[in-house]
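Chain identifiers are assigned alphabetically (A, B, ...) following the order of the sequence lines, protein sequences preceding nucleic acid strands; residue numbering begins at 1 within each chain.
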2 protein chains.
Amino acid sequence: MKSTIPDTGVPITPPAGNGGDRQEASLHGEILLRLRDYVVEGNIPEGARVPERQLCEMLGISRTPLREALKVLAAEGLIELLPNRGARVRQLSQRDLEELFDVMAGLESLAGRLACEAITDAEITAIEQLHYEMYGHYLHRDMHGYFQTNQRIHESIVTAARNETLKTAYANFAGRIRRVRYSANFARKRQRWAEAMREHEAILDALRRRAGSELSDILFQHLRNKRTAAIEHLTEPQEDAPASA
Amino acid sequence: MKSTIPDTGVPITPPAGNGGDRQEASLHGEILLRLRDYVVEGNIPEGARVPERQLCEMLGISRTPLREALKVLAAEGLIELLPNRGARVRQLSQRDLEELFDVMAGLESLAGRLACEAITDAEITAIEQLHYEMYGHYLHRDMHGYFQTNQRIHESIVTAARNETLKTAYANFAGRIRRVRYSANFARKRQRWAEAMREHEAILDALRRRAGSELSDILFQHLRNKRTAAIEHLTEPQEDAPASA
DNA sequence: AGGACAAAAAATGAATGCAAAATAGCCAGC
DNA sequence: GCTGGCTATTTTGCATTCATTTTTTGTCCT
């Protein structure tokens, strides 16, 4: 008994309906987007075998476009394709996660450096706004809000870098990590909070001064610390009160 | 007149023969590798339309595995897939190239930083060796040799970073740029040479001292300068010729 | 002669069919 | 009772086929 997928009827979306608004003419493109989200959101257990047949039924399509989508997801590193053995959700070892975090750190570090060359005062103001908002979440111990705002800040920096290639790569790696995040549902350790806030202050400061190489350093360290916290959390899942109420 | 591909009989390899030694069981994987090389090496003119039928005949396969490979190449950014209009070799604008170079700079900068944490004395010695070899090419005005050795040095640094994820991403972006390099066949400007050599000295120095954040900075600047030279070369293809106008 | 429309040809997108490989199920033998 | 080998079923990989869409070409009208 495999029980490949925790099937709940029609998990992804109604097979027929043109669900998402995302403009994507081709069927295979539509499938790709849906499957990617489906995998990223952690709906398939790690390392689970995913028979094409089953996915086809779920999505209401034939195998051809599905297989095309699978190949792309494999190239993106979300799943792996064993020859003659089908697709499995890629299992990330701790080492893989460390590597991913480091690459993310490098990309954000780069984003900060580039942002300093191109960012407008208005954009900085917007980020300051987010920063204060995040500080509010911090004071209210609102982890979820904090986390979301934090993510928006980092995305703003990447956007300010004015580099679509970077942005795409960033989104790709972020997806791979997010998959784990959804599954493990790890949150930041409380004790990291104060430290992270201080680091964010420094980030803003360097950004205001357009100190590219300095910001680059700070961002790398910031992400490195994040990495450490995340890895520790994975090996020791229990941490002070996790769920926000 | 379409003349989509500069067809020379059977351009890629004999359709039947198991050409490459690269172990890749599946046909689609084999196709992917061959097609990628074929595109990277610039055998297809920019923006040229590539009828699937023609590629199928070239490769001696049916359309199914070919289309799978095309989807992957599109995801990698080497080609683009227009709906119902087939695949075209992705045309890189000057802006695209700038972005790519910057991302490469970011990745190498990251590689340098990580390398400082993990590199062994033996690896540093090996890089020093390459450095001297490169210096020899520089003295002999051997651009080709210089270029190759230079590439090996940068690859050594990426390898020393001990991060397979980074290495894969690096290879991907390098491929996209190489495609242009093959096509445009641009080389370094002579006047950049001396400067580049000095920068390499500084790279080695920082590496020896394991000064991660410093090396990160130097590498980024080094690649940035490379970018400037490359872009200038694209707009003004003449080498050494009076850059004035 | 030039342009617009229409039909034919070709190319793409997706579905189906078929062969090979892998998995599982089963029986015999130890 | 367990292991080892053999067969049946499932699943993957690729080729082929069918349905649209696009592109080309030919013709007619102005």
Side-chain angles (χ1 to χ4, degrees), chain A residues 1-5 7 12-13 15-20 22-35 44 47-75 79-90, chain B residues 1-5 7 12-13 15-20 22-35 44 47-75 79-90:
Chain A
M1 47 176 226
K2 293 277 106 100
S3 138
T4 52
I5 289 186
D7 74 325
I12 297 192
T13 60
N18 187 4
R22 293 169 296 192
Q23 76 292 13
E24 184 64 44
S26 62
L27 179 51
H28 123 268
E30 174 77 20
I31 294 304
L32 179 58
L33 292 175
R34 284 208 270 168
L35 246 187
I44 306 179
R49 188 170 175 186
V50 186
E52 297 175 0
R53 187 78 173 247
Q54 193 172 345
L55 285 175
C56 288
E57 287 171 14
M58 256 169 41
L59 296 157
I61 56 166
S62 83
R63 282 176 53 215
T64 308
L66 175 83
R67 285 172 56 79
E68 289 172 354
L70 286 179
K71 295 287 189 301
V72 173
L73 291 183
I79 64 177
E80 50 189 354
L81 255 41
L82 295 99
N84 290 321
R85 266 183 226 180
R88 310 179 99 83
V89 174
R90 182 162 168 200
Chain B
M1 292 298 274
K2 292 274 105 97
S3 140
T4 52
I5 289 186
D7 74 325
I12 295 189
T13 61
N18 187 5
R22 293 167 298 195
Q23 77 292 16
E24 183 66 42
S26 64
L27 180 50
H28 119 269
E30 174 78 18
I31 294 305
L32 179 58
L33 292 174
R34 283 209 271 169
L35 248 186
I44 305 178
R49 186 171 179 183
V50 186
E52 295 176 1
R53 188 74 174 249
Q54 193 172 344
L55 286 175
C56 289
E57 289 173 13
M58 256 169 41
L59 296 157
I61 56 165
S62 86
R63 282 176 54 218
T64 309
L66 175 82
R67 286 172 58 78
E68 289 173 353
L70 287 178
K71 295 287 189 301
V72 173
L73 291 183
I79 64 176
E80 51 190 353
L81 256 38
L82 296 101
N84 291 320
R85 264 181 227 181
R88 310 178 99 84
V89 174
R90 184 162 166 201

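- One interatomic measurement links the two molecules: CD of A:E57 to P of C:dA15, which rounds to 14 Å at whole-angstrom precision.
- Atom P of nucleotide C:dA21 and atom CG of B:L27 are separated by 14 Å, given to the nearest angstrom.
- To the nearest 0.5 Å, atoms CD1 (B:I31) and CZ (B:R67) are separated by 14.5 Å.
- Only A:T64, A:P65, listed by number, bring a heavy atom of residues 64-73 of chain A to less than 4.0 angstrom from any atom of DNA chain C.
- The CZ-P distance, from B:R88 to C:dT12, rounds to 11 Å in whole Å.
- A pairwise comparison of heavy atoms in A:R88 and A:G47 identifies NE-O, 3.4 Å as the closest pair.
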Could you list, one pair per line, each protein nitrogen or oxygen that sits under 3.5 Å from a nitrogen or oxygen of nucleotides 5-7 of chain D, together with the distance?
none

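- Remark: B:L27 CG to B:L32 CG distance equals 11.0 Å, nearest 0.5 Å.
- With the nearest nucleotide of DNA chain D identified for both A:A87 and B:R85, A:A87 has the one nearer the 5' end.
- The residue A:R63 sits close to a base: some heavy atom pair falls under 4.0 Å.
- To the nearest angstrom, P of D:dT10 lies 18 Å from CG of A:L55.
- Rounding to the nearest 0.5 Å gives a distance of 12.0 Å between OG1 of B:T64 and NE2 of B:H28.
- Between A:L59 atom CG and C:dA14 atom P the separation is 13 Å, expressed in whole Å.
- Between A:N84 atom CG and C:dA20 atom P there is a gap of 13 Å when expressed in whole angstrom units.
- Here D:dA15 is the nucleotide among D:dA15, C:dA11, D:dC14 with the atom lying nearest to any side-chain atom of B:I61.
- Atom CG of A:L66 is separated from atom CD of A:Q54 by 11.0 Å, given to the nearest 0.5 angstrom.
- B:R53 is linked by a side chain to side chain donor-acceptor pair (under 3.5 Å) to nothing, counting only residues two or more places apart in sequence or in another chain.
- Between B:K71 and A:K71 the shortest side-chain heavy-atom distance does not fall below 4.5 Å.
- In the helix from C:dA1-D:dT30 to C:dC30-D:dG1, the end axes, each obtained as the rotation axis mapping the C1' atoms of four pairs onto the next four within a five-pair block, lie 0° apart to the nearest 10 degrees.
- Closest to the side chain of A:R49, from the set D:dT11, D:dT21, C:dA21, is D:dT11.
- Checked against side chain to side chain contact (heavy atoms under 4.5 Å, CB included), A:A74 has the following partners two or more places apart in sequence or in another chain: A:I79, A:L81.
- One can place CG of A:L81 at 7 Å from P of D:dG13, the figure rounded to the nearest angstrom.
- In this structure, A:L35 CG and A:L55 CG are separated by 6.0 Å, a value rounded to the nearest 0.5 Å.
- Taking A:E80 as the reference, nothing meets the salt bridge (charged side-chain N to carboxylate O under 4.0 Å, His left out) condition, with sequence neighbours excluded.
- Between B:E52 atom CD and B:L59 atom CG the span is 12.0 Å, to the nearest 0.5 Å.
- Taking atom CG of B:L82 as the reference point, atom C1' of D:dT23 lies 15 Å away to the nearest angstrom.
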